Amino acid sequence: MENQERKKRIFSGIQPSGELTLGSYMGAIKNWVALQDEYECFYCIVDMHAITVRQNPAELRRRALEQLAQYLACGLDPEKCVLFIQSHAPQHAELGWILGCYTQFGELSRMTQFKQKAQQHQENITAGLFTYPVLMTADILLYQSDLVPVGEDQRQHVELCRDIAQRFNGVYGPTFTLPEAFIPRTEQGARVMSLGNPENKMSKSDPDGCVYLMDKPEDIRRKFKRAVTDSETAVRYDKENKPGVSNLLTIYCAVTGKTMAEAEAEFAGQGYGVFKPAVGEAVIELLRPIREEAGRLMGDKAYLEGIYREGARRAQLVAGKTLSKVQRKVGFIAR
Ligand code: TYM
C-alpha cells in the first residue's frame, strides 16, 4: 500500500574527499535541485566512501560540514529533501555487508573506477576500495530509490546496483526497487572535462583543471584564461577535434541555459581571447551567490548541526525498514 502511494524516491551522494567542483555541480547537484519538488529525495555526504583512500581526519570533518553548507547554498531545501551524513545511518554499513555476500569478485574487478583508483593509489589498494560499489549499492537500495541522479562516470556503479538488486529479488522475492541512473543530457554526454587536460574528466584532485564551487572570482578568471584549446580560432563544437573548446562551450551552455547553436553564433568571428573569459565570467556569476551563501552558513554551525541531525533521523526511519526486511529474508533472528 505504502509503496503504491508514495512519491518516487531519489538517492544520491557525493564524497567529501575534496572540495565540490563545477563537475559535481553540473553532473549531479543541478539535477538534485531540479528534482526535489517532484520526488522524495535523500541527498547524502558519503564520508564512508571517502575513507576508501587515506584522508586527513580534521580535513574530512571540515569538508563534510562545508559540503552540507554548499548543498544548501546550491538550493537544496531541507524542507523538501533529506540531507544527511552517511556514517550517521549505520544501516548503510550493515546492508553493505549483506549485499557483499551477493556480489561476485569478478563483477567488482571489472569496475573501471576501481581500476583507475587502484592505479592512483598503488601503495594502498584496500578491500574497502574494492568493495566500494557494494556500499554504494546499499546506499541506493536502502531507500528503495527509483532514480539516481549522477554524472556519466557513475553509470557503471548504478548498473551493478541494479544487477545486485535483481539477483537478490530473484532469490528472496521482491525486496528492492530497481533504480535507474539519471544522467544530464548535454552534447558532451554529462561529463565536464578538465580545463587543463580536456581529455580527462574534471576532478577534485586536479586543482588547475578544476573549478571549485568556492573558488574566488580571480581564481576562476585565471583558470579559464589558461584553459587548453587548440591551434584554430573558430569557436565551434567538435568533440573529437576540439575537445577543449567543446568542453568550454558545454559549460557555457549549461551555465547560461543557451543552446549550442546560440552559443556558437554568439562567438562567431571572435577568437578564443574573447570566448574563454566570457565563459569564465558566466561561471563566476553562477557561483558567486553559492559561495557567499555557503560562507554565511558556515558561520552558523548550530543550524547545520540541526539539519544533519534531523536528516539522520529521517534517513534511518526509511533505511531501518528496508534493512529489517532484508535481515528477515536472509534468515537472521529479529533483534
Ligand atoms: P563523486 O563524489 O566522485 O562525484 C559526485 C557526483 O558528481 C559527478 N561528477 C561529475 N559529473 C560530470 N562531470 C564531472 N567532471 C564530474 N565529476 C563528478 C559524479 O558522477 C557524481 O554524481 N560513488 C559516488 C558517490 C556515491 C553515490 C552513492 C552516488 C556514493 N554512494 C549513491 C549516487 C548514489 C562518487 O564517487 O561520486
Side-chain angles (χ1 to χ4, degrees), residues 9-33 35 41-53 55 60 63-64 67 70-71 74 84-87 89 92-93 95-96 99 111-114 116-117 120 128-129 131-162 164-165 179-206 209-213 243 247 250-251 254 315 319:
R9 290 232 180 95
I10 284 184
F11 182 94
S12 195
I14 300 180
Q15 299 191 55
S17 53
E19 312 295 326
L20 290 182
T21 71
L22 189 62
S24 41
Y25 180 81
M26 283 175 43
I29 300 175
K30 196 171 171 217
N31 271 336
W32 297 7
V33 175
L35 295 165
C41 302
F42 296 81
Y43 296 133
C44 190
I45 294 158
V46 290
D47 54 351
M48 288 159 66
H49 277 91
I51 63 163
T52 53
V53 302
Q55 301 290 332
L60 182 60
R63 280 197 305 256
Q67 195 166 309
Q70 291 170 32
Y71 279 4
C74 286
F84 74 107
I85 299 172
Q86 187 183 30
S87 62
H92 291 246
L95 183 64
L99 294 179
M111 293 294 115
T112 46
Q113 194 177 60
F114 169 71
Q116 280 164 0
K117 290 206 174 176
Q120 286 164 8
L129 190 64
T131 58
Y132 166 122
V134 181
L135 181 59
M136 177 160 164
T137 295
D139 297 342
I140 297 168
L141 298 184
L142 273 175
Y143 301 92
Q144 304 290 356
S145 312
D146 299 280
L147 275 194
V148 184
V150 285
E152 183 65 42
D153 59 319
Q154 296 298 318
R155 187 192 290 281
Q156 193 187 30
H157 288 160
V158 179
E159 271 162 18
L160 175 70
C161 170
R162 277 178 72 91
I164 296 172
E180 256 172 67
F182 186 90
I183 296 174
R185 252 187 253 120
T186 67
E187 269 86 349
Q188 187 95 348
R191 211 181 265 265
V192 184
M193 309 310 278
S194 160
L195 299 183
N197 182 358
E199 310 282 338
N200 292 344
K201 85 163 185 180
M202 180 179 280
S203 110
K204 40 198 159 198
S205 54
D206 159 29
C210 178
V211 178
Y212 299 103
L213 296 195
N247 185 41
T250 306
I251 293 174

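Please read these numbers as outputs of a predicted model, since none were measured by experiment. Each ligand, and each atom within it, is numbered from 1 in the order the structure gives. Atom set for the values below is all heavy atoms of this structure, side chains included, hydrogens, waters and symmetry mates excluded.
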Run down the list L20, D139, L142 and name the one with the heavy atom closest to atom 31 (N) of ligand 1.
D139
So how far is it from K204 NZ to E19 CD, rounded to the nearest 0.5 Å?
9.5 Å
Take D153 and R191 through the salt bridge (Lys or Arg N to Asp or Glu O under 4.0 Å) test and state the conclusion after the steps.
CA-CA 8 Å; D153 59 319; R191 211 181 265 265; over 6 Å; no
If the contact criterion is a heavy-atom separation under 4.0 Å, does H49 count as touching ligand 1?
yes
Interatomic distance, I14 atom CD1 to R63 atom CZ [nearest 0.5 angstrom]
13.5 Å
May I ask you to identify, for V150, whether its side chain, its backbone, both or neither come under 4.0 Å of ligand 1 on a heavy-atom basis?
both
Just to be sure I read this right, does ligand 1 sit under 4.0 Å from the backbone of R155, its side chain, both, or neither, counting only heavy atoms?
neither
Do R155 and E152 sit within salt-bridge range, that is, some charged N less than 4.0 Å from a carboxylate O?
yes
More than 12 heavy atoms from other groups under 6.0 Å of CD1 on I51
no
Closest heavy-atom contact between L195 and P198?
O-CD, 4.4 Å
Using a 4.0 Å cutoff against the non-hydrogen atoms of S24, which atoms of ligand 1 qualify?
7 (O), 9 (N)
Using a 4.0 Å heavy-atom cut-off, say whether T21 meets ligand 1 through its side chain, its backbone, both or neither.
neither
Ligand-residue contact atoms, ligand 1 with S12, heavy atoms, under 4.0 Å:
33 (C), 34 (C)
Quick one: are V158 and M136 in side-chain contact, heavy atoms under 4.5 Å?
yes
Work out whether the distance between some heavy atom of Y132 and some atom of ligand 1 is less than 4.0 Å.
yes
Does F11 reach ligand 1 with a nitrogen or oxygen that is under 3.5 Å from one of the ligand's nitrogen or oxygen atoms?
no
Distance from I29 atom CD1 to Y43 atom OH, nearest 0.5 Å?
10.0 Å
Under a 3.5 Å distance rule, please check whether N31 uses its side chain to pair with a backbone N or O of P149 as donor and acceptor.
no
Applying the side-chain contact (heavy atoms from CB on, under 4.5 Å) test to N197, which of K201, E199, M193 qualifies?
E199
Counting heavy atoms under 4.0 Å, the part of V148 that contacts ligand 1 is side chain
Side chains of S12 and C44: does their closest heavy-atom pair fall under 4.5 Å?
no
Note: A28, heavy atoms under 4.0 Å from ligand 1, region reported as side chain
Going by the order shown, which atoms of ligand 1 are within less than 4.0 Å of some heavy atom of Q15?
2 (O), 35 (C), 36 (O)
Sub-3.5 Å N/O-N/O distance, V192 and ligand 1:
yes
Look only at interatomic distance and state if H157 has a nitrogen or oxygen under 3.5 Å from any nitrogen or oxygen of ligand 1.
no
Any nitrogen or oxygen of G151, main chain or side chain, under 3.5 Å from a nitrogen or oxygen of ligand 1?
yes
Counting heavy atoms only, which part of R191 comes closer than 4.0 Å to ligand 1: side chain, backbone, both or neither?
backbone
For atom 9 (N) of ligand 1, state which one of G209, G18, G23 supplies the nearest heavy atom.
G23
Less than 4.0 Å is my threshold; does some heavy atom of K204 fall inside it relative to ligand 1?
yes
